[in-house]
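I have placed the structure first, in the form of structure tokens, so that the comments after it can refer back to it.
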Protein chains: 2
Amino acid sequence: MSTPKPEATLALNGSLPRHRRTYSIGELARMFEVTPRTIRFYEQEGLLAPERRGQTRIYHEKDRVRLKLTLRGKRLGFSLAEIREVIEMYDAMPDGNARQLRRLLEILADKRNNMERQLEDIRLMQRELDDVETRAREVLERLGHH
Amino acid sequence: MSTPKPEATLALNGSLPRHRRTYSIGELARMFEVTPRTIRFYEQEGLLAPERRGQTRIYHEKDRVRLKLTLRGKRLGFSLAEIREVIEMYDAMPDGNARQLRRLLEILADKRNNMERQLEDIRLMQRELDDVETRAREVLERLGHH
DNA sequence: CAACCACTTTACGTTAACGTCAACGTCGTC
DNA sequence: GACGACGTTGACGTTAACGTAAAGTGGTTG
């Protein structure tokens, strides 16, 4: 406490083996471009369970990964409830009973189908975009030539 | 009215050249597995503009296609507002000015980036799913062998 | 020590995308 | 001519996923 060593306690985290790093809620928020409110909300919804040092939340690698997966899931249109379901089952896996596991496999298969349809949707949508863009460029061209 | 010919007026639409067909709101709803309420809502939001015969809405091929594109857009996570924006610009294209067209191209490029990221997300997500599934199967296997 | 962050909880507000219900009109049919 | 299936408008309800504001805590910095 008396030694003025440059141990900013936070800045120090700069070059640690990723595994030992911890994050504040603000850091994570900036990192993923969400607000702290969002992160707290995800916790409230059972998607995160950070450590607590007193009042304040402390996030480890595990939490960061979870958040990343959560956001990815969201971009793919999954609801927080769905994401939580998978996360919970995943956590319970080691000692999960057979029924749970089969249920998990079902859910996974379901997600997979979802992915497949999304892939198809994307391909179709890209064609549409190509088409619209081509037309737009043509019109633009004609405008250029008066 | 007196001739009992099997002209069910609705059933008759069965084998028409797709182009001339028309649809009731209920037909479209079943077709795409949405409720009539949804379709009316999309109209209210400016995504559809069906013909009217008296009070009742009559949908043509064009409307069906729009609905299809709208739903596809939704599956890909676009908001109705975004979808409408594109549709409107597309409709206004022929007589659109250069600024409008350039704006449209911007939007399209944006959507394209979105698609690309979604593709990447899907690939990553599929790997995760593979991983989880593999683990689940392993655990299940061990359970089987007591 | 005062000022300033960054963090906390509590609670109410907001937006998008419909659902639901009431109250009514219009066919075709039994 | 009652009935059921389908259509209409209008209005209010609901859910998910946060936003926002209020009021307080704890650490460091000039």
Side-chain angles (χ1 to χ4, degrees), chain A residues 1-13 22-59 63 67 70-85 87, chain B residues 1-13 22-59 63 67 70-85 87:
Chain A
M1 302 291 194
S2 53
T3 55
K5 274 183 182 173
E7 271 192 44
T9 315
L10 276 181
L12 145 147
N13 265 339
T22 80
Y23 310 86
S24 77
I25 195 171
E27 286 178 304
L28 273 191
R30 272 166 307 194
M31 207 166 222
F32 291 104
E33 301 191 299
V34 298
T35 70
R37 172 68 174 107
T38 299
I39 298 182
R40 292 196 195 98
F41 181 72
Y42 289 173
E43 176 178 351
Q44 179 182 324
E45 294 299 300
L47 295 169
L48 297 173
E51 185 196 337
R52 294 272 184 151
R53 189 178 306 295
Q55 281 266 79
T56 51
R57 298 164 169 84
I58 299 193
Y59 299 87
D63 302 307
L67 180 53
T70 298
L71 293 175
R72 183 182 300 155
K74 277 215 56 185
R75 285 197 299 270
L76 294 179
F78 297 124
S79 75
L80 297 184
E82 293 177 298
I83 297 172
R84 180 187 51 206
E85 195 174 10
I87 286 184
Chain B
M1 303 292 191
S2 54
T3 54
K5 275 184 182 174
E7 271 192 43
T9 315
L10 275 181
L12 146 144
N13 265 339
T22 79
Y23 310 86
S24 78
I25 195 171
E27 285 178 305
L28 272 191
R30 271 166 309 197
M31 208 167 224
F32 290 104
E33 302 190 300
V34 297
T35 70
R37 172 67 174 109
T38 299
I39 297 182
R40 291 194 197 98
F41 181 72
Y42 288 173
E43 175 177 352
Q44 179 183 324
E45 294 299 301
L47 294 169
L48 297 173
E51 185 196 338
R52 295 273 184 149
R53 189 178 307 296
Q55 282 268 77
T56 53
R57 296 164 169 84
I58 298 192
Y59 299 87
D63 301 307
L67 179 54
T70 297
L71 293 174
R72 182 182 299 156
K74 277 216 57 187
R75 284 197 299 272
L76 294 179
F78 297 125
S79 75
L80 296 184
E82 293 177 300
I83 297 172
R84 180 186 49 203
E85 194 174 10
I87 286 185

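Here is the naming used below: chain letters follow the sequence lines, and residue numbers restart at 1 for every chain.
The salt bridge (Lys or Arg N to Asp or Glu O under 4.0 Å) test applied to Glu51(A) returns no partner, not counting sequence neighbours. A search for side-chain hydrogen bond (donor to acceptor under 3.5 Å, both in side chains) contacts involving Arg75(A) returns Asp121(B), not counting sequence neighbours. Residues passing the side-chain hydrogen bond (donor to acceptor under 3.5 Å, both in side chains) test with Thr56(A): none are found, sequence neighbours excluded.
Nearest heavy-atom pair, Ala29(A) versus Thr35(A), reported as atom, atom and distance to 0.1 Å: CB-C, 4.0 Å.
Summarising the geometry, the separation between CD on Gln44(B) and P on dC12(D) is reported as 14 Å, rounded to the nearest angstrom. In this structure, CD of Glu33(A) is placed 14 Å from P of dC18(D), rounded to the nearest angstrom.
With a 4.5 Å cut-off on side-chain heavy atoms, Leu80(B) and Phe41(B) count as touching. Between Ile58(A) and Asp63(A), the closest side-chain pair of non-hydrogen atoms is not below 4.5 Å. Put simply, the side chain of Ile39(B) does not reach to within 4.5 Å of the side chain of Phe32(B), judged on heavy atoms.
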Show me the side-chain donor-acceptor pairs of residues 42-49 of chain A shorter than 3.5 Å, one per line, residues at least two apart or across chains.
from, atom 1, to, atom 2, distance (Å)
Glu43(A), OE1, Arg57(A), NE, 2.6
Glu43(A), OE2, Arg52(A), NH2, 3.4

Provide a list of protein-nucleic acid N or O atom pairs under 3.5 angstrom, restricted to nucleotides 5-9 of chain C.
from, atom 1, to, atom 2, distance (Å)
dC7(C), OP1, Ser24(A), OG, 2.8
dC7(C), OP1, Gly26(A), N, 3.0
dT8(C), OP1, Arg57(A), N, 2.7
dT8(C), OP1, Arg57(A), NH1, 3.1
dT8(C), OP2, Arg40(A), NE, 3.2
dT8(C), OP2, Arg40(A), NH2, 3.0
dT8(C), O5', Arg57(A), NH1, 3.3
dT9(C), OP1, Arg52(A), NH1, 3.0
dT9(C), OP1, Arg52(A), NH2, 3.2
dT9(C), OP2, Arg57(A), NH1, 2.8
dT9(C), OP2, Arg57(A), NH2, 2.7

Protein-proximity profile, nucleotides 12-22 of chain C, B/S/- by nucleotide at the 4.0 Å heavy-atom cutoff, equals -----BBBB--

